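Below you'll find the structure, written out as structure tokens, and then a few comments.
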Amino acid sequence: MSVQVAVQTEDFDVADCYKTLAKHASCGAVATFSGLVRDDTGDLQALELEHYPQMTEKALQGIVAQAQQRWPLAAVTVIHRVGYLRVNEQIVFVGVASGHRDAAFAATSFIMDYLKTKAPFWKKEHYAEGSRWVAAKDSDTVAANRWE
Amino acid sequence: MSVQVAVQTEDFDVADCYKTLAKHASCGAVATFSGLVRDDTGDLQALELEHYPQMTEKALQGIVAQAQQRWPLAAVTVIHRVGYLRVNEQIVFVGVASGHRDAAFAATSFIMDYLKTKAPFWKKEHYAEGSRWVAAKDSDTVAANRWE
Amino acid sequence: MLTIKFFAVLRERLAVDQLQLDINKPISVAKLLEQLKSRSDKWHRELSRYDLLCAVNHEFAEPTQRVGNGDEVALFPPVTGG
Amino acid sequence: MLTIKFFAVLRERLAVDQLQLDINKPISVAKLLEQLKSRSDKWHRELSRYDLLCAVNHEFAEPTQRVGNGDEVALFPPVTGG
């Protein structure tokens, strides 16, 4: 089982991430999720991502370890960016290689749901007329709770 | 809504597929699934994929259309290879861009489940000592039925 | 003419890719299957599998669907792509 | 010393990244919060939000958990990453 977890300001290359996951011979199934900066208003200048450095990677490793206990996984990659990001930039990548597609889908979805509700990241939106912290969504809590 | 459906003997580049999906500004979420040739026995020489040319793309387009009716999707790519494939080669790619991750995950999973049970492809495994047609799995039918 | 195509293990065992039949009056797919089964014991056996699937003009069809000259019928085992 | 860190909107509104307190006898996080709230009306208001989260030594913790010198407590609003 190969695990890669990174929290970084630099962008990441989904092609490299995919290659690393797909080279696990006999894995059969690779599921990925990429989250990008979305601009619902058309006015977003930047998205700022704050995190709690000493806790973040530990939290992500813990979430991956829980996924491994639930499903047979060959490889997992989780990358989350921090700092200032512009519209359509990549924020997060989660990729899972497994022998079976149901495990790959479920683990990818599980890791995203837990990351959204249990990893110490906070988003702030910057507009020309000011900035605002993004509020946590009830739908994310509901999504995370369905795994319990 | 942008749809790409292809049935081809040539390999495909997941990086290109991802770029096409991610450029849909304001999509926010891109989920992908890649299926690779798995060798459970260690003896597989090649996987042969037969299809019904005039029906295959029509069936895939129909499955994508059903996904579009169920979830708000910005872009969908489905590529399925046919012919002779070796261990760890790519067989299938499904990618979905959407405003929300639940829609992206659900649509990707739905398209794979329907593709496995409703698109006219057949797999034959070639070994040194002979070849055999792959039997349909009940678990794939169960997976497809949960969407009904 | 009515075209009948065979795929995968069915194509191999019957040793035929496609047939053309002159059907002067439309018949159900079920009736067409009975005609094909009467060709030989082998045809009867192969076309009697409980999980046989059928498409008419490139769409999945029920055995009650009627077909005639100009139509394309395909017979095949459960699909296994992906 | 006990270290207390603040993040996101809490860090901004309290205008502090971290505090260090000398806690000669371990106390619960709930008790620590009461002490911090007594600093001013602003602190009382900001630390009274119903959805306040807490971590002790980089793991999520309940208000009943006891902390003392050498521990790191973090206080923050619900997370919004991904």
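A, B, ... follow the sequence lines: proteins, then strands. Residue 1 opens every chain. Computed from a predicted model, the values in this text were never measured in an experiment.
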F93(A) ring center within less than 6.0 Å of H80(A) ring center: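 No, the ring of H80(A) stays outside the 6.0 Å limit from the ring of F93(A), centre to centre.
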Close aromatic pair by centroid cut-off 6.0 Å: F105(A) and F33(B):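 Yes, close enough.
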Structural part of D113(B) lying under 4.5 Å from a heavy atom of chain A: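 Interface part for D113(B): both.
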Segment of Y18(B) engaging chain A (4.5 angstrom heavy-atom cut-off):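 For Y18(B), the side chain is the part near chain A, not the backbone.
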Closest contact, heavy atoms only, Q90(A) versus F12(A):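 Nearest pair, atom of Q90(A) first, then F12(A): NE2-O, 2.7 Å.
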Pick one of side chain, backbone, both or neither for [X], based on which atoms fall under 4.5 Å of a heavy atom in chain B.
{"X": "K116(A)", "answer": "side chain"}
{"X": "A97(A)", "answer": "neither"}
{"X": "S139(A)", "answer": "neither"}

Options D102(A), D16(A), D140(A), D13(A), ranked by heavy-atom pairs under 4.5 Å with chain B, top entry: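 When all of D102(A), D16(A), D140(A), D13(A) are compared, D140(A) has the most.
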Salt-bridge present (K123(A), E50(A); N to O < 4.0 Å):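 Judged by the 4.0 Å cut-off on N to carboxylate O distance, K123(A) and E50(A) do not form a salt bridge.
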Short side-chain donor-acceptor distance under 3.5 Å, Y52(A) and Q54(A):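 Judged by distance alone, the side chains do not pair up.
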Any donor-acceptor N or O pair under 3.5 Å, side chains T141(B), T117(B):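 No.
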Leading residue by heavy atom contact count with chain A [cutoff under 4.5 Å; candidates S109(B), A31(B), G42(B), A104(B)]: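 The answer is S109(B).
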